[in-house]
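Accompanying notes for the structure given below.
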Protein chains: 2
Amino acid sequence: MTERAPMAERIMEAADRLFYQKGIRAVGVDAVAAEAGISKRSLYDTFPSKDALVAAYLRQRIQPFPASDLPPASQVLALFDQLFMRFAIGDFRGCPFVNAVTELAEDCDAARAIALDYKNERRRHIAGLLTQAGASNPDTLASQVTLLIEGAIASMQVRQDPTVATQAREAATVLMRAAGATVSP
Amino acid sequence: MTERAPMAERIMEAADRLFYQKGIRAVGVDAVAAEAGISKRSLYDTFPSKDALVAAYLRQRIQPFPASDLPPASQVLALFDQLFMRFAIGDFRGCPFVNAVTELAEDCDAARAIALDYKNERRRHIAGLLTQAGASNPDTLASQVTLLIEGAIASMQVRQDPTVATQAREAATVLMRAAGATVSP
DNA sequence: GGGTGGGCACACCGATCTGTGTGGAAACGC
DNA sequence: GCGTTTCCACACAGATCGGTGTGCCCACCC
């Protein structure tokens, strides 16, 4: 148990690259082991099954939202700027959680639970910011902003045009202004 | 060639059910043949490969937007009502085009082309309606309305809560009003 | 230096995948 | 009645899937 951490760590890095880029169903366990530079046997000594590996991959994709000293409305709009930058990089392949639910289809229960955790947390985070910004209906508005984010992601995946992020940003601005939130010019 | 039509037809019905509900990668050719009540040999006599079958499945999913005598803004909002009804049925599994692009990942070129055809046609259709409604920026607004549609679909797939459609509808109403379109109360 | 254990290479299992080849049984036209 | 076409049942090919069993080697610890 000296430093088994690098073991699981390397596996997760490889799984993240492969699962996200090529798809969960399209990537076999052998490919993950090869990408990680370890044997399949070692992989199965660390994760009991591919399902467990997939679950770990998804859980690792959940990262907390960093605190910021920007005005709350700007923080919401910054989400779209971050989206735009991720779109422009070129290796964007959609939302890993939505993709997992789509790919796993009838076996997506575990994946959906993890996806729900993330989406709920993000919506609560946005609702908090909108409350600070003085929006009259922060919960509904947070859902609508979330819809724009998800829509931009889905549209980007088929259109491959990063400007959908800026269009979503403008729509979010209109919605926030209409809800009485103070958004900087 | 007497009545081979029912042959391809039955295959397409089976493929549509299976591919949409269980996923393209998760459904084998044998399963499609069994669901269609034909032999695998007959399937391969009609479609040369699974790829061709998938392409036909996607192409068949493109249906023209029916004409309507409702006011144009109401026609746009009616899209969200239709979405809500499809969500409430219970067998909703996302947008087949986005799902195909997601599932096929690195081999999604053909699927993406078909998906683009559909999405572009829908956006043009919406832009036309918004022009009739007197929106000041029909093209951008059509993109934003599309974002709300795609977002509602993606959110529905993980949250399984049909009310996302009504939230999207309300957001679309706000955006259309802000763009100067005449939308009935 | 001798033991111990973690990791690897490799072979293997049964199942499933796409795609093909074949023989025979119905249904049809003449 | 006969030939032709259509389709099915079935077996097969080669590859890949998730998952396991085994034996060896090398590094580390005492």
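Every chain is numbered from 1, with letters handed out A, B, ... down the list of sequences.
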Using heavy atoms to find the nearest nucleotide of DNA chain D for A:Ala31 and A:Arg41 separately, return the residue whose nucleotide is more 5′. A:Ala31

Separation of atom CG in B:Leu18 from atom P in C:dT16, rounded to whole Å: 15 Å

Here the distance between atom P of C:dC17 and atom CD of B:Glu103, to the nearest Å, is 14 Å

What is the separation between atom CG on A:Asp45 and atom P on D:dG23, rounded to the nearest whole Å? 16 Å

Just call it for A:Val27: base, sugar-phosphate, or nothing, with non-hydrogen atoms closer than 4.0 Å on any strand. sugar-phosphate

For the pair made of CZ in A:Arg10 and C1' in C:dG7, what is the distance, rounded to whole Å? 10 Å

With no hydrogens and no angle check, do the side chains of A:Ser42 and A:Ser39 hold a donor and an acceptor under 3.5 Å apart? yes

Between atom CG in A:Asp51 and atom P in D:dG18, what is the gap in whole Å? 10 Å

Give the nucleotide from the list C:dT18, D:dC7, D:dG18 with an atom nearest to the side chain of B:Val29. C:dT18

Taking 4.0 Å as the cut-off, does a side-chain nitrogen or oxygen of A:Ser39 come that near to OP1 or OP2 on C:dC8? yes

Rounded to whole Å, the CG-C1' distance (A:Asp30 to D:dT16) equals 8 Å

5'-most contact on DNA chain D: A:Ala26 or B:Ile38, nearest heavy atom basis? B:Ile38

With a 3.5 Å cut-off and just heavy-atom distances, do the side chain of B:Lys50 and the base of C:dG19 make a donor-acceptor pair? no

With a 3.5 Å cut-off and no angle check, do the side chains of A:Ser49 and A:Asp51 form a donor-acceptor pair? no

Quick note, B:Ser42 side chain, CB onward, closest among C:dC8, D:dG19, D:dC7 is D:dC7

Got a donor-acceptor contact below 3.5 angstrom from the A:Gln144 side chain to the B:Gln167 backbone? yes

Interatomic distance where CD1 belongs to A:Ile24 and P belongs to D:dC17 [whole Å]: 15 Å

Should the pair B:Arg61 and B:Tyr20 be classed as cation-pi, given the thresholds of under 6.0 Å to the six-membered ring centre and 45° from the axis? yes

Just to verify, which of B:Ile24, B:Leu43, B:Leu58 counts as forming a side chain to side chain contact (heavy atoms under 4.5 Å, CB included) with B:Leu53? B:Leu43

In this structure, how many angstroms lie between the P atom of C:dT22 and the NZ atom of B:Lys40, rounded? 16 Å

